[in-house]
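What follows is a single structure, and I will ask about it in a moment.
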2 protein chains.
Amino acid sequence: MRTDDPEPPPGPDPAQPRPHTGRRRNDDVRRAILAAAMRLLRGGGEAARPVTVDAIAREAGVGKQTIYRWWPSKGAVLLEALTSHADDVVPETDVGNVRTDLTAFVTASFAGAAAPDTAPVLAKLAREAAHDAHLAAMMGEFTEARRNALLALLRRGRDRGELAADADLDLMVDQVFGVLWYRLLVGHTELTPGAATRLAETLVRGNAGSAGNAGEA
Amino acid sequence: MRTDDPEPPPGPDPAQPRPHTGRRRNDDVRRAILAAAMRLLRGGGEAARPVTVDAIAREAGVGKQTIYRWWPSKGAVLLEALTSHADDVVPETDVGNVRTDLTAFVTASFAGAAAPDTAPVLAKLAREAAHDAHLAAMMGEFTEARRNALLALLRRGRDRGELAADADLDLMVDQVFGVLWYRLLVGHTELTPGAATRLAETLVRGNAGSAGNAGEA
DNA sequence: TGTTGTCGAGACTGCGAGTCTCGTCAACCT
DNA sequence: AGGTTGACGAGACTCGCAGTCTCGACAACA
């Protein structure tokens, strides 16, 4: 099944891919594509323009093939547009007090997700992910970091005795992100700072441990 | 722009639609379609068969037009398949004690959603709804009843003083359904009865009011 | 100057939702 | 019986969109 010889060192090292010839990738184009994707994702009142690949290409003034040359799927473009745009700041405060830390975390997360030009993006992205396994996996990876940060925060609280030793930290994490995504997607209620504070406080109170001074309505 | 006269009472009363002639709707066909839809929705390991309209028609041994004669869209068929199949029992216990009532409600909801032949159905339906506004609206209506039942349950508890007067009941409702859908869709964790109990208890404890005997870890 | 690889453009495949048409058949009427 | 109406199975069709392929122009190297 082999037609050519074992290729003994013939000139250029085959391990070294090659010095690179030909026209180079134009980074302006890359940025234009991501910017166009963001513009469409933000797009007017609830699913205004459909966010198709053709639309992205047209909006960026770019050939469709240029998109598929650098990204494996539409979802990949959208996700990179989001992540490269996200300021990505969830400051990870560590004051040594679950209640304060958790309030900061939840408030920042809600604020970040509800910001007027990220909320529709996240929502559309989630909807895309619903029928794009590839994108879903990438988003899972993306959110995993947040989940872990929150989990670590809670673990510290539990180790300090502020949360009950048998508190279900995974459940608490899911309560936070569950509410976040539920409200973001169903959209019947706003993700307000008030709700964030309230959620953090009742969460701490409901899972308080021995060292918890948690009864201060 | 009118070609015929104002049509004065000509024979059969036009208000009375007509006595009905012609072949009647075959109800076996209707049931066969819904059953086929359920079979596909339940379908093997995670998105095995795509649940297309053609697939439903083939599975039911039916012409595609027969489906569209009676339902406005694929989503409508799927939703009716679900609702007509759902035993729809969330017993709405009212013992006069939030903790007990809430635990029963959450446990039943989790168990219902996690049942091996409803979980994939709900998940697929939610994913369909992500890009089918019509279906999304219908599902919203469907879940509204559950939300209201839970809200009423919590309101009773608050009126009794078991929950704080300023407790954010909407937030509590969203925590329950948020966790439910989040786990159902992301699928990283099971919707166990244990989690249900835990959730109900911490929720009550976190939002306890004056009359609450809520500190019994 | 030739080779390599990017770029815009646009035709093309494949799939799935929803529509249209056809030949058949059942339920009612006269 | 014969006729009208509408349900039914079958399958061809349109349309929108993801992803592929090809083409001519052009930029970066040797």
Side-chain angles (χ1 to χ4, degrees), chain A residues 11-12 17-33 36-37 40-41 43 47-79 124-125 127-136, chain B residues 11-12 16-34 36-37 40-41 43 47-79 124-125 127-136:
Chain A
R18 192 133 44 88
H20 182 64
T21 49
R23 186 177 180 172
R24 309 279 185 67
R25 177 176 189 179
N26 181 353
D27 206 64
D28 291 348
V29 166
R30 182 182 157 275
R31 279 193 300 272
I33 291 171
L40 291 179
L41 281 170
R49 278 173 298 176
V51 196
T52 65
V53 175
D54 288 271
I56 298 174
R58 212 173 322 115
E59 175 82 14
V62 141
K64 195 154 59 136
Q65 182 58 35
T66 301
I67 295 180
Y68 282 106
R69 203 192 317 276
W70 302 109
W71 288 275
S73 69
K74 184 180 73 159
V77 182
L78 299 186
L79 188 67
K124 282 194 192 140
L125 220 40
R127 286 183 224 279
E128 290 284 344
H131 55 90
D132 177 348
H134 188 187
L135 176 58
Chain B
Q16 211 73 13
R18 193 133 43 86
H20 181 65
T21 48
R23 185 177 182 173
R24 310 282 185 66
R25 176 176 189 179
N26 182 353
D27 206 64
D28 291 348
V29 166
R30 182 183 156 273
R31 281 192 299 271
I33 291 170
L34 295 176
L40 290 179
L41 281 170
R49 278 172 298 176
V51 196
T52 65
V53 176
D54 289 270
I56 298 174
R58 213 174 321 116
E59 175 82 15
V62 144
K64 196 156 53 140
Q65 183 58 37
T66 301
I67 295 180
Y68 282 106
R69 203 191 320 276
W70 302 110
W71 288 276
S73 68
K74 185 180 75 164
V77 182
L78 299 185
L79 187 68
K124 280 193 194 141
L125 220 40
R127 287 182 223 280
E128 290 283 344
H131 55 93
D132 178 347
H134 189 186
L135 176 58

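Residue numbering restarts at 1 for every chain, and letters A, B, ... go by the order of the sequence lines.
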* Asked: Out of C:dG16, C:dC7, D:dG19, which has the shortest distance to the side chain of B:P50?
  ->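 Out of C:dG16, C:dC7, D:dG19, the nucleotide with an atom closest to B:P50's side chain is C:dG16.
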* **Side chain of A:R23 (C-beta onward), nearest among D:dC8, D:dA18, C:dT6** =>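 Nearest listed nucleotide: C:dT6.
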* May I ask you to establish whether A:R25 and A:W70 are in a cation-pi arrangement, using a distance under 6.0 Å from NZ or CZ to the six-membered ring centre and at most 45° from the ring axis? =>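 Yes; both conditions hold, so A:R25 lies above the ring face of A:W70.
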* For A:L135 and D:dG19, give me the distance from atom CG to atom P, rounded to whole Å. =>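 Roughly 11 Å, once rounded to whole Å.
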* Quick one: A:D54 CG to C:dT13 P, roughly how many Å, whole number? ->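 In whole Å, C:dT13 P lies 16 Å from A:D54 CG.
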* To the nearest Å, how far apart are B:H131 NE2 and C:dG16 C1'? ->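 Whole-Å distance recorded here is 11 Å.
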* Asked: What integer distance in Å separates A:W71:CH2 from D:dT20:P?
  ->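 In whole Å, D:dT20 P lies 15 Å from A:W71 CH2.
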* **Proximity to the side chain of B:V53 - top-ranked nucleotide from C:dG8, D:dT20, C:dA17** =>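 Nucleotide nearest to B:V53's side chain: C:dA17.
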* To do: Using whole Å, report how far CZ of B:R69 lies from P of D:dG9.
  =>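 Going from CZ in B:R69 over to P in D:dG9 covers 9 Å.
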* Could you tell me the separation between the CD1 atom of A:I67 and the P atom of C:dT6, rounded to a whole number of Å? =>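 Rounded to the whole Å, the gap is 16 Å.
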* Please answer whether the main-chain N or O of B:V53 pairs with a side-chain N or O of B:K74 as donor and acceptor at a distance below 3.5 Å. =>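 A pair under 3.5 Å: no.
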* **side-chain hydrogen bond (donor to acceptor under 3.5 Å, both in side chains) contacts touching residues 52-68 of chain B (sequence neighbours left out)** =>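 Counting only pairs at least two positions apart or across chains, the side-chain hydrogen bond (donor to acceptor under 3.5 Å, both in side chains) contacts touching residues 52-68 of chain B are B:R39-B:E59.
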* **Comparing B:A60 and A:E128 on DNA chain D - which has the more 5′ nearest nucleotide** =>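 Counting from the 5' end, the first nearest nucleotide belongs to B:A60.
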* Asked: Can you tell me how far C1' of C:dG18 sits from NE2 of B:H134, to the nearest Å?
  ->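 Rounded to whole Å, this separation is 14 Å.
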* Do nucleotides 10-16 of chain D as a string where each nucleotide becomes B, S or -: B if the base has a protein heavy atom under 4.0 Å, S if just the sugar-phosphate does, - if no protein is that close. => B------
* Minimum-distance nucleotide (side-chain atoms of B:K74 versus C:dC7, C:dA17, D:dG19) ->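 Of C:dC7, C:dA17, D:dG19, C:dA17 is nearest to the side chain of B:K74.
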* Identify the heavy atoms of B:V51 and B:L40 that sit nearest to each other, and give their distance. =>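 Where B:V51 meets B:L40 most closely, the heavy atoms are CG2-O, 3.9 Å.
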* Asked: Over how many whole Å does the gap from B:D28 atom CG to D:dC8 atom P extend?
  ->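 One finds 10 Å between P of D:dC8 and CG of B:D28, rounded.
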